[in-house]
Amino acid sequence: MKKTNQIKIKSNEYIANLPKDFNRPTDAVGQRLLREYGALFVARGGAIPPRTVIFKSEREVTTYQKSLSKSKENIGGFAVELQTAAMKNLKNAIAEAEKNSLTITPRGADAAKRNYADTVALWASRVNPALAYWIEKGILEESVATEIRLLSPFDQVSEIFKLESQGMFCSKDLSKSIVYSVAPPGTSQHLSMLALDVNEHDDSRVRDVLSEHGWFQTVVSDLPHFTFLGVSENQLSKLGLKKVSDDGRVFRLPSL
Ligand SMILES: [Zn+2]
């Protein structure tokens with residue numbers, strides 16, 4: 001990664017609540033990802049968040065995942081694997097939902113744990129059609145797209161952000177940044193086993209039950225996505241997290 005564009009974030013409540021050995025990014029891409037996905041890193045209640053914003057290889061992800069206390073359950077027909085604390089609270093939320101005739105089920109086989117290769121494949125599934133679209137529109141030169149395709153998934157991230165800064169958005173519907181559609185390789189919260197994509201996300205009663213058990217929405221406009229933060233709602237501001245409202249939903253993001 002280029003060493004240009006270094007920006008120092010000054011200390012604040014959020015920064016103070018990061019793990020002591022957290023590897024704070026100094027580059028523009030890392031800092032943007034910290035702002036967009038960073039609520040996870042101040043998770044409490046027995047959660048062990050990653051010490052880095054970006055895992056750079058499958059080996060790094062595997063080493064981290066192996067160090068965790070994990071729990072696997074069959075929920076809604078899918079094997080769901082999460083950190084033990086996250087699973088315990090999810091099961092409590094499911095039990096409470098049931099009392100009110102509600103269900104909380106995973107969106108699919110990849111709704112919880114993912115590996116590095118999964119995040120690379122998801123990234124490519126957005127980047128490739130987006131590049132093709134902007135070439136077709138006559139806005140992006142074929143040669144520039146070719147250069148981007150030849151980069152490592154990790155190095156593509158800053159180049160995609162550059163295109164987006166020129167209006168060539170790469171989300172699924174091409175109307176907004178790719179970060180609201182899919183996480184860059186090695187940055188998905190699902191790598192931490194503290195995230196779950198939920199079918200019933202549209203039901204505010206389900207969102208309330210989940211938040212009562214430490215599960216909150218932390219990625220703007222990623223509607224099915226919930227993150228285990230392991231605290232009650234009134235503790236979130238003390239962790240340096242702010243409320244962001246978008247399209248009738250409340251998301252919790254680092255106050256940076
Ligand atoms: Zn998700």
Side-chain angles (χ1 to χ4, degrees), residues 32-43 47-50 52-55 61 64-65 68 70-73 75-83 85-87 89-91 93-94 97 103-127 153 157 170-173 176-204 206-207 209-211 213-230 241 244 246-254:
R32 170 150 186 219
L33 294 169
L34 188 67
R35 283 196 301 275
E36 302 286 3
Y37 302 148
L40 172 78
F41 301 111
V42 293
I48 309 287
T52 182
V53 176
I54 307 178
F55 288 106
V61 171
Y64 162 70
Q65 289 181 343
L68 303 169
K70 300 174 279 282
S71 169
K72 202 186 248 182
E73 297 277 345
I75 302 172
F78 293 104
V80 171
E81 193 172 11
L82 292 168
Q83 289 195 29
M87 180 64 84
N89 284 275
L90 175 64
K91 286 177 73 182
I94 290 171
T103 58
I104 299 174
T105 55
R107 298 253 295 173
D110 69 346
K113 180 187 178 183
R114 285 177 203 158
N115 59 30
Y116 185 78
D118 296 330
T119 68
V120 170
L122 279 167
W123 172 254
S125 77
R126 295 291 186 279
V127 166
V157 179
C170 297
S171 67
K172 195 171 191 178
D173 68 3
K176 59 190 178 213
S177 173
I178 193 167
V179 300
Y180 305 121
S181 186
V182 63
T187 71
S188 170
Q189 292 188 348
H190 291 278
L191 296 170
S192 73
M193 303 169 72
L194 294 170
L196 182 71
D197 296 335
V198 172
N199 277 321
E200 300 83 353
H201 64 89
D202 254 339
D203 190 328
S204 65
V206 167
R207 297 199 297 273
V209 171
L210 281 164
S211 67
H213 293 274
W215 285 86
F216 298 91
Q217 302 227 260
T218 70
V219 181
V220 171
S221 92
D222 188 348
L223 302 182
H225 184 92
F226 289 78
T227 312
F228 181 67
L229 298 178
L241 299 178
V244 174
D246 185 72
D247 234 355
R249 294 275 186 105
V250 174
F251 300 88
R252 314 290 173 155
L253 272 78

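Just follow the structure's listing: the first ligand is 1, and inside any ligand the first atom is 1. FYI, the numbering just counts along the sequence from 1.
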In terms of relative ring orientation, are His190 and His225 parallel, tilted or perpendicular, with 30° and 60° separating the classes?
perpendicular

Taking Cys170's backbone N and O only, do any of them form a donor-acceptor pair with Arg126's side chain (distance below 3.5 Å, no angle check)?
no

Report yes or no: does Gln189 contribute a side-chain atom to a donor-acceptor pair with the main-chain N or O of Tyr37 at less than 3.5 Å?
yes

Establish, from distance only, whether the side-chain atoms of Asp246 and Ser221 form a donor-acceptor pair under 3.5 Å.
no

Hydrogens and angles aside, do Arg249 and Ser204 bring a side-chain donor and acceptor to less than 3.5 Å of each other?
no

Going by chain and residue number, what protein N/O/S atoms come nearer than 2.8 Å to the Zn ion (ligand 1)?
His190 NE2, Asp197 OD1, His225 ND1

Ring pair (Phe, Tyr, Trp, His ring centres under 6.0 Å) partners of residues 106-125, not counting sequence neighbours, each pair once:
none

